[in-house]
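Written below as structure tokens is the structure these notes are about.
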Amino acid sequence: MKYDKIVEINKKKSQQNIKVAEREIKKMLKQGELIQVRELARRTGFSSTFFYNNERVRKLIEQAK
């Protein structure tokens with residue numbers, strides 16, 4: 001597999017993970033729950049590092065708080 005194809009696949013996967021995180025944050029807000037990285041990691045199955053390293057998701061969490 002070519003490098004460019006691998007990069008493209010990784011970008012698509014990352015975008016999907018961001019969408020999952022966004023949905024879960026919105027769901028937690030709608031239910032009036034406290035937004036915590038540990039809880040988001042538990043619910044999504046992503047590492048807590050994902051939430052801290054991904055700028056878009058980190059901003060969503062900050063806005064939600």
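Positions are given from 1, in the same order as the sequence printed here. The figures that follow rest on heavy atoms only: side chains count, while hydrogens, waters and symmetry mates do not.
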Report yes if the side chains of Thr44 and Phe51 come closer than 4.5 Å at any heavy-atom pair, otherwise no. yes
Residues Ser47 and Ala41: closest non-hydrogen pair is C-CB, 4.3 Å
Nearest 0.5 Å, what's the CG-CD1 distance between Leu40 and Ile25? 5.0 Å
Taking Glu22 first and then Arg56, would you say they form a salt bridge - that is, a charged N and a carboxylate O separated by under 4.0 Å? yes
Among the clusters formed by ILVMFWY side chains lying less than 4.5 Å apart, do Phe46 and Ile9 turn up in the same one? no
Which value, rounded to the nearest 0.5 Å, describes the distance between Ser48 atom OG and Asn53 atom CG? 9.0 Å
Here the gap from Gln36 atom CD to Arg43 atom CZ, rounded to the nearest 0.5 Å, amounts to 10.0 Å
Just so I know, are the side chains of Glu62 and Lys65 near enough to count as touching, which here means a heavy-atom distance under 4.5 Å? no
Could you walk me through whether Lys19 and Glu24 pass the salt bridge (Lys or Arg N to Asp or Glu O under 4.0 Å) check? CA-CA 9 Å; Lys19 287 180 183 181; Glu24 198 58 44; over 6 Å; no
Distance (rounded to the nearest 0.5 Å) between Asn17 CG and Asn54 CG: 9.0 Å
Lys2 bridged to Glu8 by N-O distance under 4.0 Å: no
Quickly, which of Ile18, Val37, Val20 forms a side chain to side chain contact (heavy atoms under 4.5 Å, CB included) with Val57? Name it, please. Ile18
From Leu29 atom CG to Gln63 atom CD, the distance as rounded to the nearest 0.5 Å: 10.5 Å
Rounded distance (nearest 0.5 Å) linking atom CD of Glu39 with atom CG of Leu34: 9.5 Å
Between Lys59 and Glu55, does any NZ, NE, NH1 or NH2 come within less than 4.0 Å of an OD or OE carboxylate oxygen? yes
Does the Ser14 side chain pair with the main chain of Asn10, one donor and one acceptor, at a distance under 3.5 Å? no
